[in-house]
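This is a predicted model, so every value here is computed, not measured. We use all heavy atoms of the structure for the numbers below, so side chains are in, but hydrogens, waters and symmetry mates are not. Numbers restart at 1 for each chain; the letters A, B, ... are given by sequence-line order, proteins then strands.
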Amino acid sequence: MPELPEVETIRRGLERYLVGHKIQGVEVRVAKLFEGDAKNIIGAKVVTIRRFGKGLVIDLSNKYSLAIHIKLTGQLIYRGAETKGVKVSREKVGDELPNKSTHVIFKLDKDAYLYYNDRRRFGWIRVVETSKVGEMPFFKSMGPEPFPSAGSGQVKLTLELFKKIVGGKKTVIKPLLMDQTRIGGIGNIYANDALFLAGISPKRSAKQISKEEAKNLFNAIIEVMEKSFKYGGASELSFVNVLGHEGEYQEHALAYGRKGEKCSICGGKIEKIFLGGRGTFFCPKHQK
DNA sequence: GGCTTTGTTTTATA
DNA sequence: GTATAAAACAAAGC
């Protein structure tokens, strides 16, 4: 689902299209998704877009920021002069905006709009003072991440740090990878695919992973995420970029969602099990 | 209409 | 108190 590469894809889009715009108004259609005082962002200009793991922060010119988490099905779609004639994904977005999943609308200057759509309404948008973003529990407790965003102050996940995080832990490796307080940004898709690529069983205990294997796993995390940047993220559920376009990673996923299919590495058969309550895809033949 | 889905938060346990 | 595991929660499509 939307994990680091998807959120980064959105961040890059916002950086390109949203920065410089002034927010003229906010229409909140579903109140529970929007916390804080909307008045505090009216009249302010968008200055920078930061990402913390799977979270986004839009910094404004007046010392306030918008902290956003899209969870499973959130979309941020920009419409303005530059996107005139650009078609959005009919399947993921529909024919027109706003639509029935549009819960917050930001009216911008130059007759542009930013729509927040969220089919399952799990996400959130919070107005918060820029200086206090780091105090929000979700951001404060986040671990190092592989591709820290400029200005976020997030610690970069290096091989040395990764070995330290994995080393000696009693937990099972896959849930550990997905624990945002340990490593920021990895969710179910990339945890499955990184373990697959590194040839490590998701059921392994972290303490049983050798230094060499940890290195392979670290490199695999970087590799699958870079691959996803290339394909514009994974659009298995509702993910689209700010232009409303889908990503293509799901078509190139290694293990995720491939139950019963032939393993591309060893020819084995991909199985699905549950680990830590989450669907887990792996090849029992080569992932030991 | 019960089941499934995931990221995060909360509660329980060792 | 700390580390880990499990359960709860959000809402909607099938």
Side-chain angles (χ1 to χ4, degrees), chain A residues 1-10 28-35 51-57 67-76 89-94 99-104 116-126 128 133 135-143 145 154 164-195 202-209 225 228 233-240 247 249-250 253 255-259 272-281:
Chain A
M1 305 306 134
E3 305 174 27
L4 190 153
E6 287 75 31
V7 180
E8 175 63 16
T9 299
I10 292 173
V28 179
R29 297 183 168 188
V30 176
K32 77 163 197 84
L33 299 178
F34 195 95
E35 297 171 31
R51 183 184 53 71
F52 294 72
K54 305 172 193 171
L56 276 172
V57 175
I68 303 174
H69 201 301
I70 65 171
K71 291 281 182 80
L72 264 70
T73 57
Q75 303 174 330
L76 283 161
S89 160
R90 175 166 289 196
E91 189 195 329
K92 309 290 183 187
V93 183
N99 60 33
K100 63 176 182 178
S101 295
T102 303
H103 307 316
V104 182
Y116 180 71
N117 300 345
D118 194 340
R119 207 167 59 182
R120 295 194 192 169
R121 308 180 184 192
F122 289 178
W124 45 256
I125 299 176
R126 286 173 195 157
V128 58
V133 168
E135 294 172 23
M136 294 170 67
F138 174 72
F139 296 107
K140 190 176 182 180
S141 63
M142 186 170 296
E145 61 166 299
Q154 283 285 97
K164 204 176 287 182
I165 290 165
V166 171
K169 293 293 192 307
K170 289 178 184 166
T171 41
V172 176
I173 186 65
K174 184 178 171 248
L176 182 149
L177 292 178
M178 294 168 65
D179 182 345
Q180 303 301 299
T181 67
R182 294 197 157 115
I183 301 170
I186 303 177
N188 209 11
I189 298 174
Y190 303 105
N192 277 299
D193 279 6
L195 286 162
K203 295 185 279 192
R204 284 268 291 281
S205 167
K207 66 183 173 194
Q208 293 169 346
I209 289 181
M225 287 195 169
S228 189
S235 287
E236 198 219 1
L237 264 186
S238 298
F239 170 75
V240 291
Y249 181 86
Q250 68 282 0
Y256 184 81
R258 301 210 177 275
K259 179 186 175 186
K272 184 186 183 185
I273 59 170
F274 279 91
L275 217 50
R278 300 296 179 226
T280 301
F281 299 88

Trp124(A) vs His69(A) aromatic rings, parallel, tilted or perpendicular, using cut-offs 30° and 60°?
tilted
Take the angle between the ring planes of Tyr190(A) and Tyr249(A) and call it parallel below 30°, perpendicular above 60°, tilted in between.
tilted
Candidate nucleotides [options], ranked by approach to the side chain of [X] - the nearest:
X         : options                  : result
Thr171(A) : dA10(C), dT4(C), dG13(C) : dT4(C)
Arg182(A) : dT5(B), dT4(C), dG13(C)  : dT4(C)
Arg119(A) : dG13(C), dT4(C), dT8(B)  : dG13(C)
Phe138(A) : dT8(B), dA11(C), dT6(B)  : dT8(B)

For atom [atom1] of [X] and atom [atom2] of [N], their distance in whole Å:
X         : N       : atom1 : atom2 : result
Lys169(A) : dA3(C)  : NZ    : P     : 9 Å
Phe122(A) : dA12(C) : CZ    : P     : 8 Å
Asp118(A) : dA12(C) : CG    : P     : 9 Å
Lys100(A) : dA12(C) : NZ    : P     : 9 Å
Phe281(A) : dT4(B)  : CZ    : P     : 14 Å
Met178(A) : dT9(B)  : CE    : P     : 14 Å
Asn192(A) : dG7(B)  : CG    : C1'   : 15 Å
Phe239(A) : dG7(B)  : CZ    : P     : 14 Å

Whether the side chain of Arg120(A) and the base of dT4(B) hold a donor-acceptor pair under 3.5 Å is what I'd like checked.
no
Check whether any side-chain N or O of [X] sits under 4.0 Å from OP1 or OP2 of [N], and answer yes or no.
X         : N       : result
Lys54(A)  : dT8(B)  : yes
Tyr256(A) : dT6(B)  : yes
Lys71(A)  : dA11(C) : no
Arg121(A) : dA12(C) : yes

Mind listing the closest non-hydrogen atom pair of Tyr116(A) and Ile70(A) along with its distance?
OH-CA, 3.9 Å
List the atom of Arg119(A), the atom of Thr73(A), and the distance in Å for their closest heavy-atom pair.
N-OG1, 3.5 Å
Keeping Thr280(A) on the side-chain end and Arg278(A) on the backbone end, is there a donor-acceptor pair under 3.5 Å?
yes
Looking at CG of Leu176(A) and CZ of Arg204(A), how far apart are the two atoms once the value is rounded to the nearest 0.5 Å?
13.0 Å
With sugar-phosphate meaning primed atoms plus P, OP1 and OP2, does Lys272(A) contact a base, only sugar-phosphate, or nothing at under 4.0 Å between heavy atoms?
sugar-phosphate
4.5 Å side-chain heavy-atom contact, Asp179(A) and Thr171(A)
no
Residue closer to the 5' end of DNA chain C, Val172(A) versus Arg278(A) (nearest nucleotide)
Val172(A)
Over its full length, what angle do the end axes of the helix from dG2(B)-dC14(C) to dA14(B)-dT2(C) make, each axis taken from five pairs and the result rounded to 10 degrees?
50°
If you assign Ser141(A) and Phe274(A) each to the DNA chain B nucleotide with the nearest heavy atom, which residue ends up on the more 5' nucleotide?
Phe274(A)
CA sep, side-chain torsions, deciding dist, call: Asn117(A), Lys100(A), side chain to side chain donor-acceptor pair (under 3.5 Å)
CA-CA 8 Å; Asn117(A) 300 345; Lys100(A) 63 176 182 178; over 6 Å; no
